[in-house]
Amino acid sequence: MLTEDAAIAIQEELRRQVITTDELPDTIKIIAGTDVEYDKDSNLIAGSIVLLDYTTLQVVAVATHCMEVTFPYIPGLFSFREMPPLLKAWEKLPLLPDLIVCDGQGLAHQRRFGMACHFGVTVNKPVIGCGKTWLCGEYHDLGEERGSIAPLIESSEHIGNALRTQTATNPVFVSTGHKISLATATDIVLKLCTQYRLPETTRISDHYGRLALLEYKNLEK
DNA sequence: GCGACAG
DNA sequence: ATCTTGTCGC
């Protein structure tokens with residue numbers, strides 16, 4: 001069993017592989033969203049990855065994987081809990097995306113290695129971290145209108161952005177996962193929030209993950 | 001020492 | 001995270 005100390009050592013090792021500049025294809029055709037759902041009354045979790053056409057945001061493919069949790073929830077070690085079902089779902093994809101949006105932080109993390117970085121260096125693809133709630137860093141004076149941005153600062157480092165994706169809603173927290181700059185990541189997340197607070201990638205993967213969990217539970221009985 | 005803490 | 005209708009406010 002992986003201990004907390006061992007997990008932190010892995011983070012320290014892998015963080016050096018993170019690329020914080022744009023290494024994207026010339027044109028993004030397929031964008032992926034990832035999410036993990038938790039069953040209320042068991043240890044079951046479902047990893048979910050959806051592929052969308054980047055221009056139309058229509059679903060191209062869906063892959064899910066249900067399994068039991070293998071690691072506890074520890075803030076700062078979140079990725080070790082969600083990586084296993086996501087990697088299993090990743091293996092089931094019929095094609096690979098040009099870019100991925102993870103639910104959770106990237107560099108906006110205590111040790112600069114959140115979920116989006118871990119997934120990015122593991123599958124070696126560009127990944128954006130987009131968290132629904134604050135984890136670390138300070139931000140001030142975020143405007144109220146859609147598109148407003150306030151830098152997330154920790155130890156004098158610009159680790160991410162608070163981004164208001166719709167007027168009069170709570171912000172999301174965007175940071176580099178891998179092979180993408182913060183500016184590009186922020187721009188893309190805003191574009192993906194066509195109608196709701198969260199990017200379509202996150203909303204749709206959440207939906208299919210929930211379905212997969214229900215199907216799996218019904219199949220067991 | 002205390003508090004804060006992605007999903 | 002898990003869950004869910006009605007309700008409040010701009």
Side-chain angles (χ1 to χ4, degrees), chain A residues 4 7-8 10-11 14-15 18 33-49 64-89 100-120 122 127-139 143-146 152-155 159-178 182 185-186 189 196-199 201-218:
Chain A
E4 190 168 336
I8 291 173
I10 290 170
Q11 286 186 328
L14 292 179
R15 64 184 284 192
V18 173
T34 77
D35 196 18
V36 175
E37 314 301 322
Y38 293 73
D39 185 26
K40 180 178 173 285
D41 35 41
S42 79
N43 291 325
L44 285 177
I45 57 177
S48 170
I49 304 178
T64 58
H65 185 83
C66 295
M67 61 183 290
E68 301 220 319
V69 288
T70 58
F71 199 83
Y73 171 66
I74 302 169
L77 295 177
F78 176 57
S79 62
F80 290 88
R81 185 172 173 82
E82 298 209 338
M83 282 287 284
L86 285 181
L87 288 178
K88 285 290 189 180
I100 301 155
V101 180
C102 276
D103 69 317
Q105 320 292 339
L107 291 180
H109 173 277
Q110 298 93 314
R111 290 175 294 277
R112 308 292 178 265
F113 195 76
M115 170 75 207
C117 300
H118 199 161
F119 195 73
T122 301
V127 180
I128 294 170
C130 180
K132 294 187 277 287
T133 58
W134 174 92
L135 175 63
C136 63
E138 289 187 357
Y139 69 100
E144 288 299 323
E145 296 86 40
R146 169 182 157 87
L152 264 179
I153 307 290
E154 186 176 272
S155 308
I159 59 174
N161 283 332
L163 169 67
R164 191 90 66 184
T165 57
Q166 300 293 345
T167 300
T169 64
N170 291 325
V172 299
F173 300 86
V174 181
S175 56
T176 293
H178 189 45
L182 178 58
T186 303
V189 168
Y196 299 94
R197 173 183 173 239
L198 300 179
T201 40
T202 302
R203 298 183 63 253
I204 296 171
S205 59
D206 176 282
H207 174 252
Y208 283 103
R210 193 174 309 282
L211 281 185
L213 204 49
L214 289 174
E215 269 175 40
Y216 189 87
K217 285 175 69 179
N218 288 335

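Please read all numbers here as calculations on a predicted model, not as lab measurements. Throughout, protein chains are lettered first and strands after them, A, B, ... in sequence-line order, and every chain is numbered starting at 1.
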Report task. Can you label the angle between the Phe80(A) ring and the Phe71(A) ring as parallel, tilted or perpendicular, going by 30° and 60°? Result ->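 It falls in the tilted class, 30° to 60°.
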Under 4.0 Å, heavy atoms only, any strand: does [X] hit a base, just the sugar-phosphate, or nothing?
X	value
Leu44(A)	nothing
Asp103(A)	sugar-phosphate
Gly76(A)	base

Query raised in the report: Any side-chain N or O of Arg210(A) under 4.0 Å from OP1/OP2 of dC3(C)?
Result: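 Answer yes for this pair, as a side-chain N or O of Arg210(A) is under 4.0 Å from OP1 or OP2.
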Query - side-chain N/O Thr133(A) vs dG7(B) OP1/OP2, d < 4.0 Å - result: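 Result: yes.
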**Report entry** Side chain Gln166(A), main chain Tyr196(A), donor-acceptor under 3.5 Å
**Finding:**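 Looks like yes, one N/O pair under 3.5 Å.
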Query - Donor-acceptor under 3.5 Å (Ser175(A) side chain, Gly106(A) main chain) - result: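 A pair under 3.5 Å: yes.
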Query - Arg164(A) with Glu144(A): basic N within carboxylate O range, under 4.0 Å - result: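 Yes, Arg164(A) and Glu144(A) are salt-bridged.
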Candidates [options] - which lies nearest the side chain of [X]:
X	options	answer
His109(A)	dA6(B), dC3(C), dG7(B)	dA6(B)
Gln110(A)	dC5(B), dA1(C), dC3(C)	dC5(B)
Lys132(A)	dC5(B), dC3(C), dG7(B)	dG7(B)

Round to a whole Å and report the spacing from [atom1] of [X] to [atom2] of [N].
X	N	atom1	atom2	value
Asp35(A)	dA6(B)	CG	C1'	12 Å
Leu135(A)	dG3(B)	CG	P	19 Å
Gln166(A)	dC10(C)	CD	P	19 Å
Arg146(A)	dC10(C)	CZ	C1'	19 Å
Trp134(A)	dG7(B)	CH2	C1'	15 Å
His118(A)	dA6(B)	NE2	P	18 Å
Leu214(A)	dT4(C)	CG	P	10 Å
Asp206(A)	dA6(B)	CG	P	17 Å

Query - side chain to side chain contact (heavy atoms under 4.5 Å, CB included), paired with Ile128(A), selected from Ile100(A), Val174(A), Leu182(A) - result: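 It is Val174(A), the one option of Ile100(A), Val174(A), Leu182(A) that forms the side chain to side chain contact (heavy atoms under 4.5 Å, CB included) with Ile128(A).
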**Report entry** Any side-chain donor near an acceptor of the partner, Glu82(A) and Tyr38(A), under 3.5 Å
**Finding:**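 Yes - a donor-acceptor pair under 3.5 Å links their side chains.
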**Report entry** Stacking check Tyr73(A) vs dG7(B) (5.5 Å / 30 deg)
**Finding:**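 Check passed, Tyr73(A) stacks on base of dG7(B).
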**Report entry** Heavy-atom closest pair, residues Cys102(A) and Val127(A)
**Finding:**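 Of all heavy-atom pairs spanning Cys102(A) and Val127(A), the closest is SG-CG1, 3.7 Å.
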Query raised in the report: Of all the base pairs, Watson-Crick or G-U under 3.5 Å, which form stems of three or more consecutive pairs involving DNA chain C?
Result: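 Consecutive-pair runs (3 or more) involving DNA chain C: none.
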